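Have a look at the structure below before the remarks.
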Amino acid sequence: MSEVSTQSLSVPVPGGIIDLAWAAVTDTGRRREVNQDAMFASYPLFVVADGMGGHVGGEIASASTIDRLKVVADAGAVTPKAIEKALARAVKDIASHPEATDDGTGTTLTGLYLDTSGDTAHWVTLNIGDSRVYLVRDGAIVQITTDHSVVQELIASGRLSPEEAENHPYGNVITRAVGPSEGVTPDYVRLDVAEGDRFVICSDGLTKELTDYGIRHFLDENADPADAVNAMLDAALENGGRDNITIIVLDVASASGAGADDVREGDADAGAAADETAAGVDGERDGRDAAADAAAGDGAAADGADDGAAAAGAGDGAAAAGDDSSPGRD
């Protein structure tokens, strides 16, 4: 594992400056032979992909997806439309790769980007699959993304409790992924910017080993993002490391102007912020996408990407995000 360091950046936004700090780490874990996770962490986009499908299929799927999104991020014009065009191209990359022969080859994708195009800067989260984005605000941790999984559907329908879901035999089966079928669209959630916010973007290799409380504990104990990702990784490995583990911690160190004070008054806690913004950003696809459309064209620069899990029939909706059937945590 390479040395992890915290990166920082001051971002001019309408009405002020936002100071960001982040760190990212990925690890094969204790049971996998290869790392099929991939990640990209560079302003304005922070994303994690967890691949599935055969020995190398998942690695191909996650790497292809991150490579396509990296082109969009490097162009500096990240929008829902640009993201979806990049994902469509990634699906074609996966399908045409000679080593991606498994019908269930695909990848999750989750993360967020900073949208500075309007009068006020906002975060936008995106999600396909069961990797997650968490937000810690005012001492409370909230899962912003909703898992696309069989277990989550059972919980939502009242047929399964969260406690029963811990060791459910279908715990690794996801219902949406990039790759098995065309036209997959992420869920989007729009969030205001608030000073002191901390985001965790992670593959399920972390959440199999740490509870939400455990994640918050290591954030509380480690103010520096690099220290936080290292502490969480060490704990996940200590608890078994059953899957590949990828973690990004992103902090809003300060937000002068930029509507930060309004957010503090308007959002009493992270849960309220998530509930009020769950309508997403589907209506915001406008002329801003032109530059990103061109950038997401056919030449994707390969970024370092890793990854993994194993697949099961995703063509009809369900893909297994790993071959461990007991995703319980210690």
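Small disclaimer: the values here were computed from a predicted structure and weren't measured.
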* Asked: Does a side-chain heavy-atom distance below 4.5 Å link Asp224 with Asn222?
  -> no
* To do: Please tell me if the side chains of Arg137 and Val142 come closer than 4.5 Å, counting only heavy atoms from C-beta onward.
  => no
* Option passing side-chain contact (heavy atoms from CB on, under 4.5 Å) with Arg132 (candidates Asp147, Asn127, Thr125, Thr110) -> Asp147
* CG of Leu20 to OG1 of Thr6: how many Å apart, nearest 0.5 Å? -> 12.5 Å
* Mind checking whether Met52 and Ile174 have side chains closer than 4.5 Å, heavy atoms only? -> yes
* To do: Dump the intermediate steps for side chain to side chain donor-acceptor pair (under 3.5 Å) on Thr107 and Ser62, then the final yes or no.
  => CA-CA 5 Å; Thr107 184; Ser62 60; 4.9 Å; no
* Check step by step if side chain to side chain donor-acceptor pair (under 3.5 Å) holds for His122 and Asp192. => CA-CA 5 Å; His122 289 87; Asp192 290 332; 2.9 Å; yes
* Quick one: are Thr108 and Asp130 in side-chain contact, heavy atoms under 4.5 Å? -> yes
* Asked: Which atoms form the tightest heavy-atom contact between Ile66 and Met39, and what is the distance?
  -> CG2-O, 3.7 Å
* Side chains of Ile247 and Val200: does their closest heavy-atom pair fall under 4.5 Å? -> yes
* To do: Flag the pair Leu69 / Leu109 as yes when at least one side-chain heavy-atom distance between them is below 4.5 Å, and no otherwise.
  => yes
* To do: Answer whether the closest heavy-atom distance between the side chains of Thr105 and Ile60 falls below 4.5 Å.
  => no
* **Check: Arg31 main-chain N/O paired with Arg242 side-chain donor or acceptor under 3.5 Å** => no
* Got a second to check how far Phe46's CZ is from Phe40's CZ, nearest 0.5 Å? -> 8.5 Å
* Hey, could you give me the OH/CH2 distance between Tyr43 and Trp22, rounded to the nearest 0.5 Å? => 9.5 Å
* Asked: Less than 4.0 Å between a side-chain N and a carboxylate O, is that true for Asp74 and Lys70?
  -> yes
* To do: Would you check if Leu45 and Val72 make a side-chain contact, meaning some heavy-atom pair closer than 4.5 Å?
  => no
* In plain terms, say whether Asp243 and Arg32 are close enough for a salt bridge, that is, a side-chain N and a carboxylate O under 4.0 Å apart. => yes
* Structure fact -> Exactly one candidate in Val229, Val249, Asp251 meets side-chain contact (heavy atoms from CB on, under 4.5 Å) with Leu219; the answer is Val249
